[in-house]
Structures are given as structure tokens and as C-alpha cells.
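Predicted model only: the values in this text are computed from it and were never measured. Computed from heavy atoms alone, side chains included, the values below leave out hydrogens, waters and symmetry copies.
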Amino acid sequence: QEQLVESGGGSVQAGGSLRLSCPASVYIYSSYSMGWFRQAPGKEREGVAAIDSDGITTYADSVKGRFSISTDSAKSTLYLQMNSLKPEDTAMYYCAADTLGNTITGRGGPLARYEYNYWGQGTQVTVSS
């Protein structure tokens with residue numbers, strides 16, 4: 001019942017845009033932090049962007065200025081607007097939530113995958129040159 005299901009992925013050309021969505025239950029949406037992570041073949045899962053319960057955002061340097069994370073309280077949904085996409089953005093993108101507060105108490109911070117306890121199944125983003 002308590003699950004995250006990402007959507008909005010697809011194939012685009014370099015320079016294009018995509019918007020990922022992650023509807024959540026009220027419980028999960030009320031978490032300390034929600035974030036987007038991505039994993040490309042042969043690479044570790046990395047934090048892309050996160051937003052805490054106060055609306056404070058954190059971005060990986062690789063996406064700063066291009067990606068924007070946001071939430072919609074009325075729909076209990078997390079979003080990731082991705083602009084100026086590059087081939088290196090190609091990856092499986094995952095929605096995650098921290099309902100335990102580990103992102104603020106742990107040393108990993110909001111972009112550390114091990115601080116999150118709820119995960120979606122992922123949505124594929126492919127960017128061609």
C-alpha cells in the first residue's frame with residue numbers, strides 16, 4: 001500500500017526536457033526528505049536532488065542549474081523538472097523518501113542513498129546526442 005511509483009521518463013534528444021512525477025501516500029509525502037536518485041549501468045546509485053519538509057532543496061553539482069525539484073501538497077506528489085538534458089543524464093531515476101529522519105541526523109545528508117527507507121521502482125531516462 002505504501003509505495004512510490006515514478007513516471008515521466010522517456011527518450012529525448014540532448015538539450016530536451018522531461019518532467020518526472022512521484023505520487024506518494026500522505027505518510028510518505030510527510031517525510032523528512034524526499035529525493036531523486038539515478039543509476040546508470042556500471043555506476044553506483046547517486047543522489048540528484050532532494051527537498052526537505054521545509055522546502056529546502058539540495059542538488060548534485062552535475063545537475064545544478066538544469067534540474068529543479070518541487071512538490072505539490074494538494075496531490076502529495078514529488079516532481080523533478082529536467083532541462084538541458086545531456087547524454088550523461090541517461091539513467092534509471094528513482095524516487096525516494098526518508099520517513100525516519102536519517103537525512104538530517106546521519107552524516108550522509110539528503111543526497112546519500114542509504115539515508116532513505118522508501119524507494120520507487122524507477123523510470124528510465126534516455127538522452128541521445
Side-chain angles (χ1 to χ4, degrees):
Q1 184 176 355
E2 292 182 319
Q3 59 182 353
L4 300 172
V5 182
E6 308 92 334
S7 64
S11 298
V12 298
Q13 293 183 329
S17 299
L18 284 174
R19 190 189 192 195
L20 306 184
S21 299
C22 179
S25 68
V26 174
Y27 170 73
I28 294 177
Y29 186 80
S30 300
S31 61
Y32 289 90
S33 179
M34 294 190 71
W36 289 96
F37 293 75
R38 66 186 182 187
Q39 186 168 21
K43 295 185 177 181
E44 297 182 351
R45 189 172 300 184
E46 64 174 346
V48 175
I51 183 169
D52 68 14
S53 59
D54 291 323
I56 300 176
T57 58
T58 304
Y59 296 94
D61 290 339
S62 60
V63 305
K64 191 179 295 291
R66 299 188 298 120
F67 291 10
S68 180
I69 188 172
S70 63
T71 59
D72 186 331
S73 297
K75 298 180 179 180
S76 297
T77 300
L78 177 72
Y79 300 98
L80 182 66
Q81 179 66 46
M82 304 184 292
N83 299 322
S84 301
L85 284 163
K86 305 175 181 179
E88 50 261 46
D89 293 319
T90 296
M92 183 72 74
Y93 283 71
Y94 299 88
C95 175
D98 165 33
T99 65
L100 303 177
N102 291 332
T103 54
I104 58 176
T105 61
R107 63 180 181 178
L111 296 183
R113 64 182 185 183
Y114 50 83
E115 306 289 14
Y116 290 80
N117 59 309
Y118 280 93
W119 293 89
Q121 293 300 116
T123 183
Q124 179 67 40
V125 171
T126 302
V127 184
S128 60
S129 60

key: Candidate pair W119 and F37, rule ring-ring contact (aromatic ring centres under 6.0 Å, His included), full reasoning   = CA-CA 10 Å; W119 293 89; F37 293 75; 5.0 Å; yes
ask   = Can N117 and T99 be said to form a side chain to side chain donor-acceptor pair (under 3.5 Å), step by step?
value = CA-CA 7 Å; N117 59 309; T99 65; 2.8 Å; yes
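At a cut-off of 3.5 Å, with distance as the only test, no side-chain donor of D52 or S33 sits close to an acceptor on the other residue. With no hydrogens or angles considered, no side-chain donor-acceptor pair links Y79 and S68 at under 3.5 Å.
The shortest distance between side-chain heavy atoms of L20 and V125 falls below 4.5 Å. Between L78 and I51 there is a side-chain heavy-atom pair separated by less than 4.5 Å.
Distance alone, capped at 3.5 Å, is enough to place a donor-acceptor pair between the Y116 side chain and the P110 backbone. Judged by distance alone, with hydrogens and angles left aside, the side-chain atoms of T77 form a donor-acceptor pair with the main-chain N or O of K75 at under 3.5 Å. In this structure a side-chain-to-backbone donor-acceptor pair under 3.5 Å is missing from E6 to S21. Using a distance-only test at 3.5 Å, with no hydrogens or angles considered, no donor-acceptor pair links the side chain of Y94 to the main chain of G35. Remark: the backbone N or O of G15 is not paired with any side-chain donor or acceptor of S84 at under 3.5 angstrom. The closest donor-acceptor contact from the side chain of E115 to the backbone of G108 lies under 3.5 Å. Checked by atom type and distance alone, the side chain of D72 pairs as donor or acceptor with a backbone atom of A74 at under 3.5 Å.
Going from atom CD of Q39 over to atom CD of E46 covers 9.5 Å, rounded to the nearest 0.5 Å.
Under a hydrophobic clustering in which Ile, Leu, Val, Met, Phe, Trp and Tyr are joined whenever their side-chain heavy atoms come within less than 4.5 Å, directly or via other members, Y32 and I69 fall into different clusters.
Here R19 pairs with nothing under the salt bridge (Lys or Arg N to Asp or Glu O under 4.0 Å) rule; sequence neighbours left out.
Ring-plane geometry between Y27 and Y118 is classed as perpendicular, the angle between the planes exceeding 60 degrees on a 0 to 90 degree scale with a lower cut at 30.
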